[in-house]
Structures are given as structure tokens and as C-alpha cells.
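Presented below is the structure to which this report refers.
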Amino acid sequence: MLLQADTCDDGMPSFFDPRTVAALFDGNPAAVAVLDHDLRYTYVNPALERLNGLSAGSHIGRTFSQVLPGLRGQASALRGVLADGKPREETIQGETWAADGADQRFWRATYSRLDSDGAACGLMAIVVEITDLTRQSEELAEARGHVALLSTAAVRIGTTLDMDTTCRELAAFVVPDFADVAAVDVFPAEVGHSVRRAEPGVVRLRRAALRGDGELDEQVQRFGHPGEYVDFAADSAVTRCLAENEPVLDDWENHSRGRSVFTADRITASRALGLREALIVPLTARGRPLGALTLIRADGSSVFSDQDVAVARELAVRAGVDLDHARRYHHEHSIARELQRSLLSEPWGPHPHVEIATRYLPADEGVLVGGDWFDVVPLQDGRHLKAMGDVMGHGVEAAVAMSQYRSLLRLLAMEDLPPHRILERLDTMVERSGLDRAATCLLAVVDRFGGVCEVASAGHLPPVFIDPAPAGARVVPVPVGPPLGTGFGGYRTASVPCGPGTVLFMYTDGLVERRGEDIDVSVERLASLTLPPGGRLEDLLDQVLDRFGEDAEDDIAVLASRIREGPPVVRPTPPE
């Protein structure tokens, strides 16, 4: 709407003489200004004086930009109103001369053209401060963003039980939405890592993840690649954060916002990349420190607010739980793996009458260690008992149960019983011992004098016999009894022809069991095995694992044995 009026001598509408204007607008709570055709102030009311922090006399005859150099962008909107007469509204942001402590303020301004005889002769501006409303709106939007950030964190961090993967997920999650650079440093694991001793007072952490936004990703690698150990001095921000278990703000420009404890060289290098402020938050779980998350913002990003610190702390708490789960899993996995490796039997030196080769292939690191085991026990008359077993379940408990089965089996083997009798006795002893882990087991004893192999199975997969060319391999079905530990018994020994040069091949189900495929179909593939050129058993096992072990989802144990070829032997005659 255009305001029409007669023209005064000074070119302004007649009803805008000082007394009329004062009567109309001096008591108005809204800030009001009248500008001439050249956008110079001709009137301001007391509300505008208070808003701008200047007297009316400091306004009159000057333009917006002259009076308030901290405000930008009004001139184009004002000229637009003068040109087409259409009122406009805009939000103004900036600083005035009012000493209210606010760095940035916000106003909503409405501009209307003043016409005389159909020609533009000036403008009226009505300004209302909306700083509090704008900030409340921004804070609300920021809070909603933080809530969304924390909600998303639950599904994007801790997707595996691998600690380094969790650290990388944490760093990738906060960059660039929450920080321009992120580093995750953790204490070395107690198992599986050998760490050099740090200097007194120095905290040595392992850099598990480092991420920067865009070009910063490559540039920040100078501060320590993932996998390297990083030393933090006693007075460093990271050390203080861990000691106090509280976030530490390290502002490299404004030391009033935090006591900078980085070295001068480190600050210089960081500032050269445009980095200006770091927030370090502790990663803890169950009252134990796990490491620290360092968040860095660069020039152009907002400084860390109190709400940012609270959000970062909450993120660290959630990530700490995931890291604790991963660390506990790694600890248990490492113990179980070492226990299993120490219990797996290796051939006891050279065997005068039998060749033996063994392999153990653990599943992927993301899978708990299983209870696969094998053993070779010397018997009388130069014979050997070969055992292949698989304790049900995974983890430390399965590895411990495996050691108990192996110990009991070795004890029973000394009695020189047939394989099925050993299984019967072992089944009874396990049931009475209270061991709650069932196990499958395949026992085999080759009689090198009779050319047969005695085999008994407790729920285990059948053996494979690989005869010299051109006969090839044969999967031999043998009577299968229930797994050990059930107390049902009912095992039988089968005699399988096993002439000179025949290889006995035993394995656990990890070699053949595949998702979506019948186990019998998988086992039958083993009938295609052949001895490699040269006939070495070690080469045979390498060939088997290369062919069948690549996509295994469980641990694999394999054993190959063969009577050594030589001059004919005669069974010893027992003394009379």
C-alpha cells in the first residue's frame, strides 16, 4: 500500500513534519524511521535510537550504511521499494552501537514507499528486533539436529565386534556433520599387542582412526596414521581429559575458551591447515578409560557450544559401550585362540612307520573361535591313534572343553582299546564329569600289518581314503553313533581296507559345511581329491584348504596320515 500526501517544502509529505511525526511515532514501541528519496534519515523515533545505540541527531542526514556499518544488504531492498512501490520485508543480521553484549542481532524490517502526487519521495521503515526468537529457533533446530545425530549413531557405530572398525565408524560419523577432523586414540589391547615402554609421565595411545573432511583427510595424516602409537605429554589436553574424565576444550586462537596445551609447533602446523579449536572427550566404559575422541573444527565452522560439548560427551558414552564390547570380545577371542593353538597336537617328532600332516585354519576374525581339535597318540606295536573332534559351541568355554576331551582321550588310549570302546568309555566319563559341551569325534587306527584301518565315529563326518593312482579317493561311510557327552553309547568299529600308500584324510565340518547346501553333497566333493605331484601330504593339505577353505564360515581342522613305504614288515611275535 502506498502512502499518499501533499508535498512539504522540503520534498517530504506534509503530514511528516516534525510535530506530526513525533505525535504519531515517538511513543511507538516499534522502531520507526523515515528516509528521503536518497535514503537518508529524516526522522527516527526513540525506540530506534535505543535499538541502534545512537541519538536521533546521529542519524539525520545519513544513510543506513553510514550510521550502521555493521549491517549489510539493505540498500538493494530499499531501492527496490522506491522503484516499484511494493512494500518489502526482510530479516537483518549484524551489529549496532547498542552495548547489550550481543555479538549478532536480528531484526525484521518492513519498508513502505511514501508518495507525493504519484511520485516517490521517501520511505518509511518499521523495525522490530527478533534476536531472541531467532536464537530460540536456531537453538531448537540445533537441538533437533543433535537428537537426530544421536539417534543415527545407534545404527552407524558399533556394527561389528571389531574395535578398529568401531573406531573408524565413530570418526566417519562425526565428520563432517559435527567436526572437520576427528581422531580416535585407544589404549593398546592387553592381549595380542607388544607395546614399547613410554617415557615417565607420557601417555601412549594407539591411533585407531583419523578422518578429515575433504582435503583435510590427507593433510592431517602428518599427525599420526591409524595403527601408529602416539605419545601425549603429561600436560597435554588428551592426558588431562583422561585423568579428569571430563571434556577438554582447546582453542588455539582464543585462550580464554580453553588452556592450549599443544606445543607451539603443533599449533602452528594445525593453524596452517586452518584448524582452530579442538574438543577432547573421554571414551570410557564400566568406569575404565578406553581412550579419547578428539574433535577439531576449522576456520569457517562455528565454535563448540556448551550443547556441542554435551552431545560429544553423549556420543563418546555410547561409543564407549560399543568399544568395550569389542575389546572384551577381542580379549576372549585371543585367549580362546591361544588356548586352542596350544592344545592342538603337533606330530611328536619323526614317526618311523607313519607320515602325518596337520593344519588348522581359523575362521574369519569376526567369528568366535570354535572347538576343533585333532590328536595323534602312539600305541603299541608302532601303531598310532588318530583323533579328529569338534566341540559344540564357540569361545573360551569350547576351547576349555576341547582340552578336557583331549586329556581324557589320551588317558583312555593308553589302555589300547578298540576305537569304539574308547568312545564308549569317553562318553561315560564326560557324562559323569558334568561337562556340558557335547562333541563329535572320529577315531582311526591303521594296522600296517593287516592292511586295514579301524574307524569309529561319534557323530562325526566320514573319513576319506585316497588310494594311489589310478584308484583315487573314496568317502567311506562308517557306523555313526551319537555325539560324546550324551550318555547314549552305541558305537561300533568298522574295518576299512587301507593298503600301502593309502592316505587317511580326516576333517571337521568347517571344511565342507556351506549355507544353503546339503552336507552330503558337500562331503561327496571330497571324493575328487587326488595326491599332488610328488605325493607330499603337506602339499595335499595346502591343496585341500585352497580348494575348499576359502569361503568357510567356521574353523577348519584337517589331518592326513599314511603308512611309510619301505621293505615288507612282519608282525612281531609275542613272547611265549
Side-chain angles (χ1 to χ4, degrees), residues 149-150 152-175 178-179 181-198 201-211 223-250 261 278-296 308-337 365-366 368 395-396:
L149 188 76
L150 293 173
T152 308
V155 297
R156 289 180 53 186
I157 301 174
T159 62
T160 72
L161 285 174
D162 180 72
M163 193 163 187
D164 284 351
T165 299
T166 300
C167 291
R168 288 193 296 269
E169 290 172 343
L170 174 59
F173 180 75
V174 296
V175 174
F178 195 74
V181 177
V184 184
D185 301 301
V186 297
F187 287 101
E190 298 174 0
V191 178
H193 285 78
S194 178
V195 183
R196 67 189 190 280
R197 186 180 299 276
V202 171
V203 174
R204 177 162 290 158
L205 300 177
R206 183 173 62 87
R207 178 138 295 168
L210 180 63
R211 184 70 173 265
F223 299 130
H225 295 279
E228 296 180 350
Y229 290 98
V230 182
D231 290 344
F232 296 94
D235 61 346
S236 71
V238 170
T239 303
R240 286 196 295 122
C241 168
L242 294 173
E244 300 169 6
N245 194 31
E246 292 291 339
V248 173
L249 189 63
D250 205 356
V261 293
L279 172 62
I280 302 93
V281 289
L283 296 168
T284 59
R286 297 183 297 141
R288 292 185 53 200
L290 301 177
L293 168 65
T294 300
L295 303 166
I296 301 174
D308 288 333
V309 175
V311 171
R313 185 63 186 267
E314 179 62 23
L315 272 175
V317 168
R318 298 187 184 196
V321 174
D322 295 324
L323 290 174
D324 184 54
H325 290 163
R327 171 157 287 189
R328 293 172 66 185
Y329 165 80
H330 176 75
H331 182 75
E332 177 181 335
H333 190 271
S334 299
I335 292 175
R337 184 73 73 205
E365 288 298 323
L368 281 171
V396 174

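Note that these values count all heavy atoms, side chains included, but never hydrogens, waters or copies made by symmetry.
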- Heavy-atom closest pair, residues T239 and A234: CG2-O, 3.5 Å

- Under a 4.0 Å N-O cut-off, is there an ion pair linking R206 with D164? yes

- Note on the structure: Heavy-atom closest pair (L315 atom, A153 atom, distance to 0.1 Å) is CD2-CB, 3.6 Å

- Message: Quick check for you: to the nearest 0.5 Å, what is the distance between L210 atom CG and C167 atom SG?
- Response: 12.0 Å

- With rounding to the nearest 0.5 Å, note down the distance linking CG in L295 to CG in L249. 10.5 Å

- Task: Apply side chain to side chain contact (heavy atoms under 4.5 Å, CB included) to V203 and L242, showing your working.
- Result: CA-CA 9 Å; V203 174; L242 294 173; 4.2 Å; yes

- Task: State plainly whether the residues R240 and E246 are in salt-bridge range, i.e. N to O under 4.0 Å.
- Result: no

- Message: Does F232 form a side chain to side chain contact (heavy atoms under 4.5 Å, CB included) with L205? I'd like the steps, not just the answer.
- Response: CA-CA 8 Å; F232 296 94; L205 300 177; 3.8 Å; yes

- Item | Close side-chain approach of E169 and T165, heavy atoms under 4.5 Å | yes

- Note on the structure: All heavy atoms of P247 vs all of P282, minimum pair found to be N-CD, 4.0 Å

- Are the side chain of R211 and the backbone of F173 linked by a donor-acceptor contact shorter than 3.5 Å? no

- Item | Close side-chain approach of L283 to V184, heavy-atom, < 4.5 Å | yes

- Given side chain to side chain contact (heavy atoms under 4.5 Å, CB included), test V186 with M163 step by step and report yes or no. CA-CA 10 Å; V186 297; M163 193 163 187; 4.2 Å; yes

- From T166 OG1 over to D324 CG, what is the distance, rounded to the nearest 0.5 angstrom? 11.0 Å

- What distance separates F178 CZ from L279 CG, expressed to the nearest 0.5 Å? 7.0 Å

- side chain to side chain contact (heavy atoms under 4.5 Å, CB included) between V230 and R204, worked out: CA-CA 6 Å; V230 182; R204 177 162 290 158; over 6 Å; no

- Note: F187 and G291 closest approach over all heavy atoms is CD1-N, 3.9 Å

- Short question: side chain of E228, backbone of H225 - any donor-acceptor pair under 3.5 Å? yes

- Separation of F223 CZ from R207 CZ (nearest 0.5 Å): 9.5 Å

- Which distance, rounded to the nearest 0.5 Å, do you find between the CZ of R328 and the CZ of R286? 4.0 Å

- Heavy-atom pair of closest approach, residues I296 and T294: CG1-CG2, 4.0 Å

- Task: Would you check if the side chain of S236 reaches a backbone N or O of A233 as a donor-acceptor pair within less than 3.5 Å?
- Result: yes

- Query: How close do A316 and V281 get, heavy atom to heavy atom, and via which atoms?
  - Reply: CB-CG2, 3.9 Å

